[in-house]
A.B. asks: 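Can you keep this structure in mind? I'll have questions shortly.
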Amino acid sequence: MLLSILPKTHFLHSSFKKKMVTIVASVSRTKICSLTHLHSSPETNPSLFLFENCNSMDQLKQIHSQIIQKGLGFDPVLHSKIIAFCCTNNAGCMNYAHYVFDRIPEPNVYIWNTMIKGYSRINCPNDAVSMYKEMLEKNVKPDNYTFPFLLKGYTSDVALHCGKLVHAHVCKFGFDSNLFVQNALMCMYSLSGEMDIARGVFDTSLKTDVVTWNVMISGYNKSKLFDESRKLFNAMGKKGVLPTSVTLVSVLSACSKLKDLDTGKRAHQYIIGGKVDHSLILENTLIDMYAACGAMDVALRIFGSMKKRDFISWTAIVKGFVNSGQIDLAREYFDQMPERDSVSWTAMIDGYLRYNKFKEVLILFREMQTEKVKPDEFTMVSVLTACAQLGALEAGEWVKAYIEKNQVKNDIYVANALIDMYFKCGNAEKAVVVFEKMARRDKFTWTAMIVGFAINGQGKEALQMFYDMLRASIAPDGVTYIGVLCACTHTGMINEGRKFFSSMTLDHGIEPSVAHYGCMVDLLGRAGHLTEAHDVIKKMPMEPNSIVWGALFGACRVHKNVEMAELTAKQLLQLEPGNGAVYVLLCNIYAVCSKWENLREVRKMMMDRGIKKTPGCSLIEMNGTVHEFVAGDQSHPQSKEIYSKLEEMMEDLKLAGYLCNTSEQSLDIGEEEKENALNRHSEKLAIAFGLIRKEPGVTIRIVKNLRICVDCHHVVKLVSRMYNREVIVRDRTRFHHFRDGSCSCKDYW
DNA sequence: GTAGGGTTAG
């Protein structure tokens with residue numbers, strides 16, 4: 001457009017140098033070119049000087065127009081200069097470059113290269129590829145510069161799609177032994193995750209330099225093959241190739257992931273020895289490595305001696321304290337940070353998540369918003385996981401809406417976390433909606449669906465998912481099979497469970513872990529096959545842990561088998577002498593079988609050993625806030641109302657024929673007292689609170705830390721019918737969906 | 001006349 005309205009060019013002026021000075025003065029307020037510069041210049045093509053200080057497209061266009069005015073419009077060197085500016089300068093514009101390019105009758109390979117480089121630089125690999133193709137069509141042969149420029153702009157998609165073809169061209173045109181081209185090829189293969197091919201190029205290259213090694217090491221890091229990175233670092237040491245700071249950054253990052261303090265220290269030695277340049281990035285990776293390896297003293301020393309720190313330095317320290325379990329210290333440093341980006345916030349949020357401080361996660365997330373830091377997809381995964389753990393559906397829904405409204409990157413991790421959140425909040429329907437909308441599904445997606453259906457008592461759907469997964473050619477892993485076995489357990493599918501247990505090894509080569517044996521014991525035990533379950537324990541190739549024995553123990557309680565319970569309890573207490581739950585469960589069993597003498601013994605044992613039972617605790621969410629109740633809790637601000645509602649509720653139930661089931665009460669006390677204690681169970685308090693505060697017809701959702709007791713289970717069933725209220729209780733192992741007087745678990749839990 | 005490599009989080 002601009003060029004078409006420019007005046008026609010005339011002839012070459014004799015006093016060209018003088019004229020150019022006038023041009024410079026007139027075309028721009030910025031003095032592009034100084035007089036001294038001009039005086040010391042060659043007479044041949046003085047307009048080249050104009051480009052030296054040009055720093056905007058505006059200036060470039062004016063220079064261009066003057067060039068045309070002066071009749072230099074056909075000078076190939078000046079064209080190259082214009083294109084080079086557009087293709088390499090930050091202010092450059094590729095559309096303008098292409099415009100000029102199209103007006104060159106026969107561009108040489110240098111100009112083609114520059115155009116390719118330009119498109120790569122602005123991350124338009126497809127345009128770069130088009131240029132390359134056009135160049136071949138015009139019979140211009142690529143040279144050794146062409147391929148590094150072309151490959152530089154590749155994204156992983158383009159690399160996967162046409163990387164190998166370009167590699168073939170490299171060989172065809174005879175550049176496969178050019179060092180720069182080889183390095184570019186390796187870099188391209190690393191990008192598409194094809195490290196084996198990258199390694200092939202590396203191994204066959206006759207000439208290498210330190211960049212070659214750096215490309216390979218960072219490539220292995222990209223593919224999370226940190227052990228290979230370390231091996232290459234060792235190998236380059238043996239070959240006498242000196243690492244640069246780039247090498248060390250990659251190697252230290254790998255050491256951080258591998259928690260390899262020894263290699264990390266060796267890398268550090270190069271820095272101490274002054275063999276490489278210091279940089280902020282290098283210091284940050286050093287801190288990260290020491291912090292990840294638990295050497296917080298060294299990490300802090302480096303941190304303290306740094307002249308300049310950025311939020312990555314601070315975040316590395318916060319993360320280090322999180323790793324070492326010092327969450328309060330992590331918070332102290334976090335609070336002191338002069339600046340925090342979303343990564344810093346996520347590090348702290350993730351810290352709370354890892355130490356099961358889920359409420360703190362939500363609080364911190366809210367704070368993050370008041371500070372106007374935009375959360376990213378990593379933050380969302382952590383927050384959604386916390387919502388899942390809390391069973392906080394409202395908060396989870398809010399996060400989902402936030403993601404959509406703020407266009408946070410909705411990747412496969414976020415979708416997987418959403419599925420998990422919905423299932424752990426007892427909402428299978430919405431989990432399915434997320435699942436169906438996903439463009440890509442991985443092993444974790446399918447496993448989340450299988451486990452999700454399983455814990456929600458939808459065994460058939462879980463197994464259907466498993467078959468769909470196999471049909472989609474996604475290989476299951478050990479965790480997938482935990483879900484499959486769990487689905488069989490929760491719905492009493494014993495034969496299917498047996499079948500899957502053997503097929504996991506036979507068909508998929510997955511060796512059962514202790515957890516899988518635990519599932520089998522649970523499956524058989526719950527169904528009443530106590531002896532067979534015990535046989536599984538006896539025959540398993542590894543030492544049974546407390547979870548395995550615990551599964552059998554639970555089965556003994558359900559099936560009232562005192563003898564095996566005692567045998568199991570003995571094993572359990574050997575493994576975990578301080579586990580209060582075992583004593584409590586043993587008391588329960590004695591109570592169910594009215595063995596009061598034994599019960600008293602166990603209680604005495606508990607007293608002597610100072611063992612306390614884990615207090616039952618129930619959570620209920622109200623308008624995004626999580627309320628927590630423990631048995632007999634009176635700390636809630638609405639406590640009075642809650643207790644009177646609870647009393648009213650129990651009266652209503654009694655009128656409807658409810659009889660208190662105190663059989664599981666281990667206390668050797670009077671019936672009335674037992675009943676009283678039962679009535680104060682945390683889930684009953686939470687339900688009473690829910691009935692007061694939640695509108696009629698709104699589902700009441702409760703999350704309990706322990707297994708729901710027989711009496712509470714019975715009560716909730718009646719509540720669901722009498723008040724026409726859907727109640728969903730998530731206990732330690734699974735969900736109970738109560739509707740119209742019955743429970744999804746079919747009383748099998 | 002033009003080339004290549006790096007840090008933090010699931």
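Within every chain, numbering begins at 1; the chains are lettered A, B, ... in the order of the sequence lines, protein sequences first and strands thereafter. Worth knowing before you read on, the calculation uses all heavy atoms, side chains too, and leaves out hydrogens, waters and symmetry mates. No experiment lies behind these values; they were computed from the predicted model shown.
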A.B. asks: What does A/D143 touch in the nucleic acid at a heavy-atom separation under 4.0 angstrom: a base, only the sugar-phosphate, or nothing?
C.D. replies: base
A.B. asks: Quick one: do A/S218 and A/S250 satisfy side-chain hydrogen bond (donor to acceptor under 3.5 Å, both in side chains)? Show the steps, please.
C.D. replies: CA-CA 6 Å; A/S218 74; A/S250 292; 5.0 Å; no
A.B. asks: Using the side-chain heavy atoms of A/T346, tell me which of these nucleotides is nearest: B/dA9, B/dG10, B/dG6.
C.D. replies: B/dA9
A.B. asks: Regarding A/N221, tell me which of base, sugar-phosphate or nothing describes its non-hydrogen contacts under 4.0 Å with the strands shown.
C.D. replies: nothing
A.B. asks: Decide if the gap between the ring center of A/W112 and the ring center of A/Y132 is smaller than 6.0 angstrom.
C.D. replies: no
A.B. asks: To the nearest angstrom, how far is A/M348 atom CE from B/dA9 atom C1'?
C.D. replies: 14 Å
A.B. asks: How long is the line joining CG of A/D75 and C1' of B/dG1, in whole Å?
C.D. replies: 13 Å
A.B. asks: Assign A/S279 to base, sugar-phosphate, or nothing according to its heavy-atom contacts below 4.0 angstrom with the strands shown.
C.D. replies: base
A.B. asks: State whether the distance check finds a donor on one side and an acceptor on the other, under 3.5 Å, for side chain A/T244 versus base B/dG5.
C.D. replies: yes
A.B. asks: Answer yes when A/R331 and A/D335 have at least one side-chain N-carboxylate O distance shorter than 4.0 Å, and no when they do not.
C.D. replies: yes
A.B. asks: Select base, sugar-phosphate, or nothing to describe what A/S344 touches, counting heavy atoms under 4.0 Å on all strands.
C.D. replies: nothing
A.B. asks: For A/S218, answer base if it contacts any base atom (sugar-phosphate contacts may also be present), sugar-phosphate if it contacts only those atoms, and nothing otherwise; contact means non-hydrogen atoms under 4.0 Å.
C.D. replies: sugar-phosphate
A.B. asks: Choose from B/dT7, B/dG4, B/dG1 the nucleotide whose nearest atom is closest to any side-chain atom of A/I281.
C.D. replies: B/dT7
A.B. asks: Distance only, no hydrogens: is a donor on one side chain within 3.5 Å (strictly under) of an acceptor on the other, for A/S342 and A/T379?
C.D. replies: no
A.B. asks: Does A/R441 make a cation-pi contact with A/F435, if we ask for NZ or CZ under 6.0 Å from the ring centre and within 45° of the axis?
C.D. replies: yes
A.B. asks: Hey, does A/D411 reach any base, or is it just sugar-phosphate, or nothing, if we go heavy atoms under 4.0 Å?
C.D. replies: base
A.B. asks: Kindly state whether the pair A/F180 / B/dA3 counts as stacked, where counting means centroids closer than 5.5 Å and planes tilted less than 30° apart.
C.D. replies: yes
A.B. asks: Between C1' on B/dG5 and NZ on A/K152, what's the gap in Å once rounded to a whole number?
C.D. replies: 9 Å
A.B. asks: Whole Å only: how far is the CH2 atom of A/W213 from the P atom of B/dG5?
C.D. replies: 19 Å
A.B. asks: Report the distance from atom CD1 of A/I111 to atom P of B/dT2, rounded to the nearest whole Å.
C.D. replies: 15 Å
A.B. asks: Looking at A/D262 and A/K265, is any side-chain nitrogen of the basic one under 4.0 Å from a carboxylate oxygen of the acidic one?
C.D. replies: no
A.B. asks: Tell me which residues in residues 318-328 of chain A lie within less than 4.0 Å of DNA chain B, going by non-hydrogen atoms.
C.D. replies: A/K319
A.B. asks: Classify the side chain of A/S382 and the base of B/dG10 as holding, or not holding, a donor-acceptor pair under 3.5 Å.
C.D. replies: no
A.B. asks: Excluding sequence neighbours, so at least two apart, what forms ring pair (Phe, Tyr, Trp, His ring centres under 6.0 Å) with A/Y154?
C.D. replies: none
A.B. asks: Look at A/S253 and B/dT8 and indicate whether a side-chain polar atom (N or O) is within less than 4.0 Å of OP1 or OP2.
C.D. replies: yes
A.B. asks: Just call it for A/K257: base, sugar-phosphate, or nothing, with non-hydrogen atoms closer than 4.0 Å on any strand.
C.D. replies: sugar-phosphate
A.B. asks: So how far is it from A/I312 CD1 to A/L280 CG, rounded to the nearest 0.5 Å?
C.D. replies: 7.5 Å
A.B. asks: Classify the nucleic acid contact of A/Q182 as base, sugar-phosphate or nothing, counting any heavy atom under 4.0 Å across all strands shown.
C.D. replies: nothing
A.B. asks: Any idea which of B/dT2, B/dT7, B/dG10 is nearest the A/Y145 side chain?
C.D. replies: B/dT2
A.B. asks: For the aromatic rings, using the six-membered ring if either is Trp, is the centroid distance between A/H169 and A/F175 under 6.0 Å?
C.D. replies: no
A.B. asks: Does OP1 or OP2 of B/dA3 have a side-chain N or O of A/K117 closer than 4.0 Å?
C.D. replies: yes
A.B. asks: Which part of the nucleic acid, if any, lies within contact of A/D310, taking any heavy atom under 4.0 Å across all strands shown: a base, the sugar-phosphate backbone alone, or nothing?
C.D. replies: nothing
A.B. asks: Mind checking whether A/W213 and A/F202 have ring centres under 6.0 Å apart?
C.D. replies: yes
A.B. asks: Is there a residue in residues 292-303 of chain A whose heavy atoms reach under 4.0 Å of DNA chain B, and which residues are they?
C.D. replies: none
A.B. asks: Just how far, in rounded Å, is C1' of B/dA9 from CZ of A/F378?
C.D. replies: 5 Å
A.B. asks: Under 6.0 Å from the ring centre and within 45 degrees of the ring axis: does the NZ or CZ of A/R103 meet both conditions for the six-membered ring of A/F101?
C.D. replies: no
A.B. asks: Which part of the nucleic acid, if any, lies within contact of A/N113, taking any heavy atom under 4.0 Å across all strands shown: a base, the sugar-phosphate backbone alone, or nothing?
C.D. replies: base
A.B. asks: Looking only at the side chain of A/N178 (C-beta and beyond, no hydrogens), which of the listed nucleotides B/dG1, B/dA3, B/dG6 gets closest?
C.D. replies: B/dA3
A.B. asks: Would you classify A/D376 as touching base, sugar-phosphate or nothing, given that sugar-phosphate means primed atoms plus P, OP1 and OP2, and contacts are heavy atoms under 4.0 Å?
C.D. replies: base
A.B. asks: Considering only heavy atoms and no angle criterion, is a donor-acceptor pair shorter than 3.5 Å present between the side chain of A/D209 and the base of B/dG4?
C.D. replies: yes
A.B. asks: What does A/T88 touch in the nucleic acid at a heavy-atom separation under 4.0 angstrom: a base, only the sugar-phosphate, or nothing?
C.D. replies: nothing
A.B. asks: What is the distance from CZ of A/F149 to P of B/dA3, rounded to the nearest Å?
C.D. replies: 4 Å
